[in-house]
Amino acid sequence: MVVSQRRDNHARMHADFGWRVPADFNIAQACSARWAAGTDAGERVAIRAHGAPPGSDTLTYGALQRSADRLSHALAALGVRRGDRVAIVMPQRFETAIAYIAVFQMGAVAMPLSMLFGPDALEYRLQDSEAAVAICDESSIGNMLAIRAACPALRTLIGVGAAALRADLDWVAELDRHRGRFPPVRTKADDGAVLIYTSGTTGPPKGALIPHRALIGNLPGFVCSQNWFGFHPGGSEIADLATAATARAFTPSPSRGRVGVGAGTFGEAPASPGEFTPSPSRGRAGEGGSTLRAVRSGEAESAPSGADQNTSVFWSPADWAWTGGLMDALLPTLYFGRTIVGCNGRFSPELAFELMQQHGVTHTFLFPTALKAMMKAFPEPRKQFRLRLQAIMSAGEAVGDAVFGYCRDQLGVTVNEMFGQTEINYVVGNCGMEWSDTPGAPPVPHHPQVGWPARPGSMGRPYPGHRVAVIDDDGNECPPGVAGDVAVNRYDVHGDPDPIFFLGYWKNEGATRAKYTGDWCRTGDLATRDEDGYLWYQGRADDVFKAAGYRIGPSEIENCLVKHPAVINAAVVPKPDRERGAVVKAFVVLAPDYAARLAQAGFDSHLIAQLQAHVKGKLAPYEYPKEIEFIEALPMTTTGKVQRRVLRLREEERARAGAQ
């Protein structure tokens with residue numbers, strides 16, 4: 001197995017890192033208001049809209065804050081108060097980001113809803129949350145109108161774009177009516193900011209209430225998985241921390257004491273609550289360091305200067321309506337004052353490469369399913385596209401060594417896998433710090449003082465600030481090699497509270513209590529831990545099954561199938577069997593050229609035998625799929641995860657029908 005050659009700094013980074021979360025903190029202040037106060041607010045681009053006409057394709061931080069202030073005034077006029085839920089049902093567009101900032105600075109709670117949700121999904125979430133206002137565009141207005149009568153708490157629909165004529169209020173008209181700066185509400189770090197519903201892969205959706213502080217909890221993982229996001233971990237600017245009594249940086253220094261997010265300098269108590277917020281750096285593009293200053297909720301601060309030369313550009317196809325798109329892409333990018341590309345188009349490999357080339361994307365989050373499709377469509381992409389990638393984070397499913405090798409050899413980046421969930425996000429992953437400096441060249445290590453080697457197929461290790469273990473049913477840590485439930489402790493390795501935790505499930509105290517075993521919060525995902533502390537994903541607790549007495553984890557078989565040139569994607573589930581309890585069945589999505597040949601006599605049986613032999617030759621004999629069914633597309637959640645549960649229930653229904 002090929003691994004990266006990164007020096008292993010994991011233990012030191014954990015030891016050097018510590019949390020000191022401010023009592024007062026607001027996401028809008030950290031992600032928008034402070035950048036809008038800068039002298040370059042009119043030029044610093046927050047969002048670039050892919051495919052928009054020139055002149056209307058950028059939103060600056062100044063424009064973002066001005067529009068958010070107007071929307072906050074409009075929402076306040078509609079009676080929205082602190083703690084009220086406001087639904088945001090829009091794709092990646094300027095108005096989506098503006099709506100988040102407006103809701104956050106009011107002390108209200110944003111409730112993101114995917115434009116892909118049908119009427120039933122929308123109705124359930126709007127009823128359960130008792131949202132007072134919903135903001136939607138043409139992609140969702142039809143479904144919103146269809147279920148509105150069933151949602152009595154929903155007082156007002158605000159329409160964006162073509163939806164304005166069908167909604168109660170027109171976005172443009174409302175923003176024109178309300179001008180002037182909105183006085184932000186002073187929020188506690190523990191106050192609720194986002195109510196986001198789980199994807200429902202383990203039952204009915206539950207609303208997870210996410211506090212403002214959770215963004216702070218995300219930052220170590222984001223910076224590590226994005227290979228420091230264009231900042232220099234050992235830049236000279238770090239020395240400035242010694243003279244800033246309120247500053248604290250997530251920049252583990254090999255020569256100084258504990259550092260962390262939101263704390264005082266090098267372990268000292270801050271004079272006032274501080275937070276992890278980089279001020280402009282002076283380095284060249286992709287090399288700049290970061291002087292980090294304190295920001296407190298609702299409080300004025302000195303404006304950033306225009307000298308910042310970090311030119312990182314972020315893009316991800318992840319929907320801004322779910323945790324991965326919101327907390328792993330949009331908000332961290334805005335937090336650092338960088339540019340994120342928004343795109344409303346349906347994902348395709350060609351779109352992904354063209355977008356990254358056109359906008360000079362340096363950092364990205366791509367699902368394994370997206371990377372698999374890109375690998376099949378463009379085996380040698382750098383012959384057609386000029387890429388500037390410095391980091392790729394991937395999450396949702398195991399990457400596998402085939403995709404790992406593709407990213408390294410063809411995209412010039414050692415991919416960093418990441419693991420987290422809505423309730424406790426961005427807790428495990430890799431920090432390879434390897435990318436290519438020259439088009440067409442292989443990735444090389446950067447900044448030897450941070451990072452650790454990435455291992456293909458591994459979920460990675462706990463990110464600094466998070467204590468993660470594999471535990472058994474009684475809450476005891478499992479020994480290496482023994483599968484158990486991935487769990488996160490309420491306290492880090494130093495005994496300090498971890499800010500990443502959600503506040504609880506909305507109106508469901510029983511489910512919240514069931515999530516915990518003592519101080520351990522269970523994820524419901526199974527993994528093993530090796531001797532070096534790397535976690536290896538085994539599937540959801542309800543995905544693992546037994547066939548003929550053998551314990552089967554679907555991920556390994558799926559990864560093996562995808563290595564075959566005929567397979568774009570695969571999902572493995574149990575098929576009920578009277579004699580063996582269950583047999584292994586694989587649902588396979590074929591590459592277009594292979595799918596076109598299915599009409600040929602005998603081709604399907606020949607290909608099935610070939611795929612079975614492929615797995616049998618690489619894995620244990622009991623793991624090869626006894627049955628293979630070709631399918632046009634796998635059922636997916638809006639977060640990009642394969643819904644094996646849907647396929648498993650389908651097989652159970654077929655078995656019942658056959659028995660009758």
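Computed from a prediction, not measured in an experiment: that's the story for all the values here. In this chain, residues are counted from 1 in sequence order.
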## Note on the structure
Value for OG1 (T517) from CD1 (I471), rounded to nearest 0.5 Å, stands at 5.0 Å
### Message
If we ignore hydrogens and angles and just use 3.5 Å, is the side chain of K515 paired with the main-chain N or O of R522 as donor and acceptor?
### Response
yes
### Query
When you measure from the side chain of R648 to the backbone N and O of V573, does any donor-acceptor pair fall under 3.5 Å?
no
### Query
Is the closest side-chain donor-acceptor distance between T422 and T198 under 3.5 Å?
no
### Query
Any idea which heavy atoms bring N416 and C224 closest together, and the distance?
ND2-O, 3.8 Å
### Message
Quick one about D519 and Y491 (side-chain donor to acceptor, distance below 3.5 Å, no hydrogens or angles considered), yes or no?
### Response
no
### Query
Between F229 and H363, how do the two ring planes meet: parallel, tilted or perpendicular, split at 30° and 60°?
perpendicular
#### Entry: Criterion side-chain hydrogen bond (donor to acceptor under 3.5 Å, both in side chains) against D328, the qualifying member of T333, T323, N425
N425
### Value rounded to 0.5 Å, distance of CE in M433 from CG in N227
5.5 Å
## Note on the structure
What one should report as the nearest heavy-atom pair of G518 and R490 is O-NE, 4.2 Å
### Query
Any sub-3.5 Å donor-acceptor pair from D319's side-chain atoms to G325's backbone N or O?
no
### Query
Does D530 come within less than 4.0 Å of R455, counting only side-chain N to carboxylate O?
yes
### Query
Is the side chain of R467 donor-acceptor paired with the backbone N or O of D498 at a distance under 3.5 Å, no angle test?
no
### Message
Closer than 3.5 angstrom, by distance alone: can the side chain of E380 be matched with the main-chain N or O of Q410 as a donor-acceptor pair?
### Response
no
### Message
Would you say the rings of W19 and H466 are close, in the sense that their centroids are separated by under 6.0 Å?
### Response
yes
### Task
May I ask you to decide if the ring planes of H212 and F25 are parallel, tilted or perpendicular, using 30° and 60° as cut-offs?
perpendicular
### Qualifying residue for side-chain hydrogen bond (donor to acceptor under 3.5 Å, both in side chains) with K575, from E627, E651, E652
E627
### Query
What heavy-atom pair brings V470 and A527 nearest, and what distance separates the two atoms?
CG1-O, 3.4 Å
### Query
Looking at CZ of F419 and OG of S225, how far apart are the two atoms once the value is rounded to the nearest 0.5 Å?
14.5 Å
### Geometric class of the W452/Y463 ring pair [parallel <30°, tilted 30-60°, perpendicular >60°]
tilted
Give the table of side-chain donor-acceptor pairs shorter than 3.5 Å for residues 364-378, with sequence neighbours excluded, one pair per line with atom names and distance.
residue	atom	partner	partner atom	Å
T364	OG1	W315	O	2.7
K376	NZ	V562	O	3.3
K376	NZ	H564	O	3.0
K376	NZ	V567	O	3.0

### Task
Please list all pairs passing the salt bridge (charged side-chain N to carboxylate O under 4.0 Å, His left out) test where one or both residues lie in residues 558-573, with sequence neighbours left out.
D401-K563, E558-R644
